[in-house]
A.B. asks: 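The structure is given below, and queries will be raised subsequently.
These numbers come from a predicted model, not from an experiment.
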Amino acid sequence: MRILVVEDEVQLAELLKGGLAKEGFAVDLAHDGRDGLWLATEQPYDVIVLDVMLPSLSGYAVCKELRESGSWTPILMLTSKDGEYDEAEALDTGADDYLTKPFSFVVLLARLRALTRRAVRQRPTVLKVGDLSVDPARLTCARGDVRIALTPKEFAILHCLARRTGEVVPKSELLAQAWDFAYDGDSNVVEVYISALRRKIDKPFGRTTLRTVRGVGYRLEA
């Protein structure tokens with residue numbers, strides 16, 4: 001899953017990025033409200049973590065503009081403020097949840113997982129592609145009753161493909177979902193992870209569900 005963190009405390013933002021990356025998230029950072037608003041409207045995100053007190057544009061203003069523009073990406077507000085009126089203002093401007101600093105990283109992760117579950121109202125909690133199951137909340141994958149161990153990047157790519165079963169997903173989109181906005185490495189890295197996924201989810205089970213559409217992208221078939 002891809003997350004945007006808008007936080008002006010640079011050290012905290014970097015700590016959040018590092019921690020979330022270890023949990024398998026692709027994370028982009030912005031350190032002021034206007035940059036955060038621009039990224040949120042230009043890139044697809046599963047969740048936005050948004051600080052209230054930001055330079056140039058407050059978190060409340062960013063949230064309000066996103067909602068007024070028709071963007072309903074789940075938003076978790078972070079703030080050093082503590083009080084019922086601040087929480088009410090965050091929720092009234094369109095935020096989905098609210099967390100006061102200092103906070104537990106474990107609690108933050110749990111709330112992010114809860115937000116992503118609530119956001120996919122049109123999708124089941126566990127994605128099924130034939131006998132292959134992908135659980136984005138628990139970051140687990142299985143073929144029938146057999147659990148399959150995946151790296152965070154492998155899971156991110158598989159999750160993106162499973163959400164669009166039967167559709168051809170371009171390599172550029174897989175890059176955008178599994179790597180952060182600043183990634184400027186070789187795009188062929190996607191092929192490496194696709195090959196690794198085939199060795200894990202298909203080959204041991206005699207399946208050919210992960211297919212290459214040459215010159216276009218990749219497709220996961222039931």
A.B. asks: Ignoring hydrogens, what is the shortest heavy-atom contact between Leu127 and Ala162? Give both atom names and the distance.
C.D. replies: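 That closest heavy-atom pairing would be CD1-CB, 3.9 Å.
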A.B. asks: Name the residue from Arg198, Lys171, Glu191 that meets the side chain to side chain donor-acceptor pair (under 3.5 Å) definition with Thr212.
C.D. replies: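 Per the side chain to side chain donor-acceptor pair (under 3.5 Å) rule, the option paired with Thr212 is Arg198, out of Arg198, Lys171, Glu191.
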A.B. asks: What is the distance from atom OH of Tyr60 to atom CG of Leu54, rounded to the nearest 0.5 Å?
C.D. replies: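 Going from the OH atom of Tyr60 to the CG atom of Leu54 covers 11.0 Å.
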A.B. asks: With a cut-off of 6.0 Å (strictly less than), are more than 12 heavy atoms of other residues, nucleotides or ligands near CZ of Arg164?
C.D. replies: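 Yes - once you tally the heavy atoms of other residues, nucleotides and ligands closer than 6.0 Å, there are more than 12.
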A.B. asks: Between Thr165 and Lys128, does a side chain to side chain contact (heavy atoms under 4.5 Å, CB included) hold up when you go through it step by step?
C.D. replies: CA-CA 9 Å; Thr165 299; Lys128 295 280 190 178; over 6 Å; no
A.B. asks: Let me confirm one number: the SG-CG distance from Cys141 to Leu139, rounded to the nearest 0.5 Å.
C.D. replies: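 Cys141 atom SG to Leu139 atom CG measures 11.0 Å (nearest 0.5 Å).
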A.B. asks: Do Asp131 and Phe205 have side chains that get closer than 4.5 Å, going by heavy atoms?
C.D. replies: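 No, too far: nothing below the 4.5 Å cut-off.
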A.B. asks: Please answer whether the main-chain N or O of Arg211 pairs with a side-chain N or O of Arg219 as donor and acceptor at a distance below 3.5 Å.
C.D. replies: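 A pair under 3.5 Å: no.
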A.B. asks: Given a cutoff of under 4.5 Å between side-chain heavy atoms of I, L, V, M, F, W and Y, with clusters grown through shared members, what are the other residues clustered with Val213?
C.D. replies: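 The other cluster members (ILVMFWY side chains, heavy atoms under 4.5 Å, direct or chained) are Val168, Val216.
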A.B. asks: Donor-acceptor check, side chain of Glu154 to backbone of Thr151, threshold 3.5 angstrom: yes or no?
C.D. replies: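 Checking the backbone N and O of Thr151 against the side chain of Glu154, a donor-acceptor pair under 3.5 Å is found.
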A.B. asks: Would you say Phe105 ends up clustered with Leu99 if hydrophobic residues are merged whenever their side chains have heavy atoms under 4.5 Å apart, either directly or through other cluster members?
C.D. replies: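 Shared cluster, yes.
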A.B. asks: Tell me whether Arg67 contacts the main-chain N or O of Ser71 through its side chain, where contact means a donor paired with an acceptor under 3.5 Å.
C.D. replies: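 At least one qualifying donor-acceptor pair exists.
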A.B. asks: With a 4.5 Å limit on heavy-atom distance, are the side chains of Asp32 and Leu57 in contact?
C.D. replies: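 A side-chain contact is absent here, since even the closest heavy-atom pair is not under 4.5 Å.
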A.B. asks: Please name the pair of heavy atoms, one in Gly94 and one in Cys63, separated by the smallest distance, quoted to 0.1 Å.
C.D. replies: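 Here Gly94 and Cys63 meet closest at C-SG, 3.5 Å.
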A.B. asks: Indicate yes or no: at least one non-hydrogen side-chain atom of Val62 is less than 4.5 angstrom from one of Leu66.
C.D. replies: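 Answer yes - side chains close enough.
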A.B. asks: Does the side chain of Val49 come within less than 4.5 Å of Leu112's, by heavy atoms?
C.D. replies: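 A side-chain contact exists here, since the closest heavy-atom pair is under 4.5 Å.
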A.B. asks: Looking at Arg34, is its backbone amide N or carbonyl O close enough to the side chain of Ser56 to form a donor-acceptor pair, meaning the two atoms are under 3.5 Å apart?
C.D. replies: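 Confirmed, Ser56 side chain pairs with Arg34 backbone.
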A.B. asks: State yes or no: do Val107 and Leu20 share one hydrophobic cluster built from I, L, V, M, F, W and Y residues joined by side-chain heavy-atom distances below 4.5 Å, directly or via other members?
C.D. replies: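 Yes, one cluster joins them.
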A.B. asks: I want to check something: taking the side chain as every heavy atom from C-beta on, are Leu150 and Ile157 in contact at a cut-off of under 4.5 Å?
C.D. replies: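 They are not in side-chain contact.
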A.B. asks: Report the residues that fulfil side-chain contact (heavy atoms from CB on, under 4.5 Å) with Glu9, sequence neighbours left out, ordered by chain and then residue number.
C.D. replies: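 Glu7, Leu12, Lys101.
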A.B. asks: Would you indicate whether the side-chain heavy atoms of Leu16 and Phe25 approach each other to under 4.5 Å?
C.D. replies: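 In short, these two side chains do not touch, never coming nearer than 4.5 Å.
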A.B. asks: In plain terms, say whether Arg113 and Asp97 are close enough for a salt bridge, that is, a side-chain N and a carboxylate O under 4.0 Å apart.
C.D. replies: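 The answer is no: the pair does not qualify as a salt bridge.
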A.B. asks: If hydrophobic clusters are built from ILVMFWY residues whose side chains come within less than 4.5 Å, do Val146 and Leu210 share one?
C.D. replies: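 Cluster IDs for Val146 and Leu210 match.
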A.B. asks: Salt bridge between Arg2 and Asp46, side-chain N to carboxylate O under 4.0 Å?
C.D. replies: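 A salt bridge is absent here (no side-chain N lies under 4.0 Å from a carboxylate O).
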A.B. asks: So, for Thr100 and Phe103, which heavy atoms are closest and what is the spacing to 0.1 Å?
C.D. replies: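 The answer is O-CB, 3.6 Å.
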A.B. asks: Rounded to the nearest 0.5 Å, what separates atom CZ in Arg163 from atom CG in Leu161?
C.D. replies: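 Between Arg163 CZ and Leu161 CG, I get 11.0 Å after rounding to 0.5 Å.
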A.B. asks: Hey, quick one: are Val10 and Leu108 part of the same hydrophobic cluster, counting side-chain heavy atoms closer than 4.5 Å, chains of contacts allowed?
C.D. replies: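 No, it is not one cluster - the side chains of Val10 and Leu108 are not joined through contacts under 4.5 Å.
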A.B. asks: Give me the atom names and distance for the closest heavy-atom approach of Ile3 to Tyr45.
C.D. replies: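 Result for this residue pair: C-CD2, 3.6 Å.
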A.B. asks: Taking side-chain contact (heavy atoms from CB on, under 4.5 Å) as the criterion, tell me which of Leu158, Val189, Val169 meets it with Leu174.
C.D. replies: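 Among Leu158, Val189, Val169, the one that satisfies the side-chain contact (heavy atoms from CB on, under 4.5 Å) with Leu174 is Val169.
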A.B. asks: Got a second to check how far Leu197's CG is from Ile148's CD1, nearest 0.5 Å?
C.D. replies: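 Here the interatomic distance stands at 9.5 Å.
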A.B. asks: Minimum heavy-atom separation for His31 to Pro55, with atom names?
C.D. replies: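 Closest approach of His31 to Pro55, heavy atoms only: O-CD, 3.7 Å.
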A.B. asks: Could you pull out the closest heavy-atom pair between Leu78 and Asp51, with the gap in Å?
C.D. replies: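 Reported closest heavy-atom pair: O-OD1, 2.7 Å.
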A.B. asks: What distance separates Asn188 CG from Ile194 CD1, expressed to the nearest 0.5 Å?
C.D. replies: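 If we round to the nearest 0.5 Å, Asn188:CG and Ile194:CD1 are 12.0 Å apart.
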A.B. asks: Any chance CD of Glu42 has more than 12 other-residue heavy atoms, nucleotides or ligands included, within less than 6.0 Å?
C.D. replies: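 Correct, the count exceeds 12.
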A.B. asks: Checking side-chain contact (heavy atoms from CB on, under 4.5 Å) against Leu50, which of Leu4, Val5, Leu37, Val6 comes through?
C.D. replies: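 Of Leu4, Val5, Leu37, Val6, side-chain contact (heavy atoms from CB on, under 4.5 Å) with Leu50 is met by Val6 alone.
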A.B. asks: Would the distance check show the side chain of Asp96 and the main-chain N or O of Ile75 forming a donor-acceptor pair, the cut-off being under 3.5 Å?
C.D. replies: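 Here the side-chain-to-backbone pair exists.
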A.B. asks: State plainly whether one hydrophobic cluster holds both Val192 and Tyr218, where clusters connect Ile, Leu, Val, Met, Phe, Trp and Tyr through side-chain heavy atoms under 4.5 angstrom apart.
C.D. replies: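 No, because Val192 and Tyr218 fall into different hydrophobic clusters, even though each may have its own neighbours under 4.5 Å.
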A.B. asks: Mark yes or no for whether Asp202, through its side chain, and Thr209, through its backbone, hold a donor-acceptor pair below 3.5 Å.
C.D. replies: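 Confirmed, Asp202 side chain pairs with Thr209 backbone.
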